Amino acid sequence: MSILILLVILAIIVAGSFLAAFFWATKDGQFEDTFSPSVRILMDNDRKENKKH
Amino acid sequence: MNSTITPIDTKTTCYHCGNECRDEDIFEDEKHFCCSGCLTVYDILKDNNLCGYYDLNQNAGVSLKSKNFNGKFDYLEEKLIQDELLAFKNESIAKVILYVPSIHCSSCVWLLENFPKIKLGVITSRLNFVKKELSIDFDPNLVSLKEIVELMATLGYEPKINLDSIQKPKIIDSETKHLLYKIGVTGFCAGNIMMMSFPEYFNLNSNSDISLQRFFLYFNFLLALPVFFYGASDYLKGAYYSITENLKKNSDVLSVDIPIALGITALFTRSLYETFVTHTAGYWDSMAGLVLFLLLGKWVQQVTFNYLSFDRSYKSYFPLAVKVKNQSVQYKNVNDLKKGEEFIIHHQELIPADAILKEGNALIDYSFVTGEAKPVKKLKGEVIFAGGRQVADSIELMVQKPVSTSYLTQLWNNESFLKEKTIPTTELANAFSKYFTYITISIAVLVGIYWHFNNPALLWPAVTAVLMVACPCALTLSLPFTMNTTMSIFGKNKFFVKNQGVIQILAEVDTIVFDKTGTLTEGNKGKVRFEGSINKDEEKLIYSVVNQSVHPMSKMVAEYLAPNLAYKVTDFEEVKGKGVAAVVEGKNIKLGRLDFVKNEPTIQVDSEVHIMINNVYKGFFTVEPQFRSNWKELLEKLKKTFDIKLLSGDTNKVQKVLSPIFGENMQFEQTPQQKLDYIKGIQNDGKKVLMIGDGLNDAGALREAKVGIALTEDIQAFSPSCDAILDANNFEKLGKYVVFSKTALNVVKASFLLSLVYNFLCISWASTGLLSPVFAAVVMPLSTISVVLFAVGSTWIIAKRRKLL
């Protein structure tokens, strides 16, 4: 059963890394502008080339 | 490039901005454009292969009709002004953040973020859509700030640069960020504690594996530490301050933090005892869940319409720089203007400081300050107050008083602007908590005394259990959740309140004060009426001329006469602030002010356009203010429950129309300061005033009133500092909003009652001393969630019934 203890600790580490990611995202300001990233991801960076083909 | 101008027959819409091509229709690339401005943007985009702009949204552009930027941004060449605007600068890179109000769709994001492709030297540009801020990094050796701003303006994205722009952005978000961190940490701990408690919930702890049970127990203790010391720290501190303030007799309010802190501390100490002394499960899960709920409630309370600005002062309206004379620099920050310095104001520019007219023909439009649309003529040597807009040609002025002490800006030095309005977000809860705290403590003491004599072994379990379940978690959550729901319902109806406290004050209002111009009447629109006689053909002649002019009066007359065929106009001459002269079909047409068309000094009535054809006087067009639709019904309805009053900066020329409704409660020709004092006066008499106005001239009154609502035609446009912004189209719903805020407060009170019932039941159970950890872990969150669901749900249902959704 002592394998459980290892499992729990691993689980906490995994969850903790998500918590760290959340901290990073907050600090980075990802929750400040929730609209433009949704548009940004759809933008073609190389529209020029696409048209030529 | 083949552009032809064709007469308009059918309705065509502009490919760029989607407006109807009314005055002209430019046809190019098989696409229609409403003006050369829109065509220019199309050409720029086409040359840079950025036509994807139009793929994202149809007619995404901003109309560019009658915009002229010539010389408007020259002040950006001045090094001192630049340094104040730039966020960062060295030899090869400069950073600037520009506020661009006209951003409205995904095409805007696409175009503005592709800025480096259009302008050589722009390194990156990144847009914050919510704040409408564009951050641009550029190479100052390749491109100047002025060029960037001018190109943006040409594309229809003119950045707003004013006195406010030079203030470095404040770190207002840090509090919200800290709250988010706390929610993150508490949520993490609460989730893991619950997972570790699962064996306990299902009684799976076999006696054979004592070490595992201990491990889970201590692990829970470790996870609970950050919840108690970090997540709950605000409540513990708040309770501590409230108690010390009470002991010092500074205040007799017991903050709602006290019973909360009491509950959390009881949970913590009891769990500590169980973990380390009796080695039983404790209430770690209940405590973590409770703190998480409380923090979520706090977060909901902070949600605001952060893309709207409610705290604007005159600085948002004033230009950043003016052209100065006889100095080493050409342009100067208006804050640095000193007495005796001379400066130049162009057509349509705002006068930033009280000054004496030195040179030129001054015709000042004070509508911005007084609400009165009639421009005033000023003679050489007269004092012109700050806030006026010059509508004639360029003038030269000499500063009398620096900007910060000028007549208009003094309003902002009034004490009502210096102190923050008290916001009763927690007042209701605090009023409740006073009795709540005393009652909880006395019940705990009584329970303690009872068990002391009957079964001392149950004393501490019973007392701590009472304190634990009495924690007013549901109570404190029902207020923010109800108010948040109400806010979003209002928001859907284009009524944006600054924060939750505003709804609470709104519910208490008993007097409503209206501004006239722009509030009861429509700001820029007026009803045009013609006095005199003209025939159809003369109408055509006049239409042809006014169509060429950009003056607002001409535009109104043109709209009045449209649709009409335009003749070819020759010898067109516009004398700014006076009128227009032109030749159409061989006839001499003069229109404008009476002294201009007759060419002799006469008594002048503004808001009139006089007509002279071939030296024969034909009559005049006059513009009368147009009242908003349904304004009478709204006021009649409001009159039944509220005192209504009128406070106007304008003259009393429409008194007759208004007196059946307002009776004696009308004040005319009020200065901004008088408006403020008037509100202060009636509030000192115990009235709770809702002021509704639109202009800067109401700023003082809006600020002084318990609730100040700014009415605006365009939500994104600049509105004075206020507690709420209302879209002018929804003006008639004003009464509904006030009534609904009362309802919302009643919903809060009902949910208070509901949570009290829960508390009563739980306390009766707890006082027996038999409250098990599992029972607490289930009942406490369940009661909280059901109260919140009740509050939010009933608010929605009522809103739906009242057709607010």
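Below, all heavy atoms of this structure are taken into account, side chains as well, without hydrogens, waters or symmetry copies. Labels below follow one simple rule: chain letters A, B, ... track the order of the sequence lines, proteins then strands, and each chain is numbered from 1. From a predicted model like this one, the values you see are computed outputs, not experimental measurements.
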Do B:T176 and A:F31 make a side-chain contact, defined as non-hydrogen atoms from C-beta onward lying under 4.5 Å apart?
no

Taking the side chain as everything from C-beta on, heavy atoms only, tell me whether A:I9 gets closer than 4.5 Å to B:F219.
yes

Exceeds 12 heavy-atom contacts within 6.0 angstrom, atom NZ of B:K95:
no

Within a reach of under 6.0 Å around OH of B:Y218, are more than 12 heavy atoms found that belong to other residues, nucleotides or ligands?
yes

With side chain to side chain contact (heavy atoms under 4.5 Å, CB included) as the criterion, how do A:F23 and B:V185 come out once you've worked through the C-alpha distance, each side chain's angles and the decisive distance to 0.1 Å?
CA-CA 9 Å; A:F23 264 69; B:V185 169; 3.6 Å; yes

For the pair A:K27 and B:Y181, evaluate side chain to side chain contact (heavy atoms under 4.5 Å, CB included) and give the outcome as yes or no after the intermediate values.
CA-CA 9 Å; A:K27 201 172 182 180; B:Y181 291 150; 3.5 Å; yes

Which of B:M196, B:M195, B:R126 touches chain A most, by non-hydrogen pairs under 4.5 Å
B:R126

CG-SG distance between A:L19 and B:C189, expressed to the nearest 0.5 angstrom
7.5 Å

Heavy-atom proximity to chain A below 4.5 Å, by part of B:N192
side chain

Which pair of heavy atoms, one from A:G16 and one from B:F188, lies closest together, and at what distance?
N-CE1, 3.4 Å

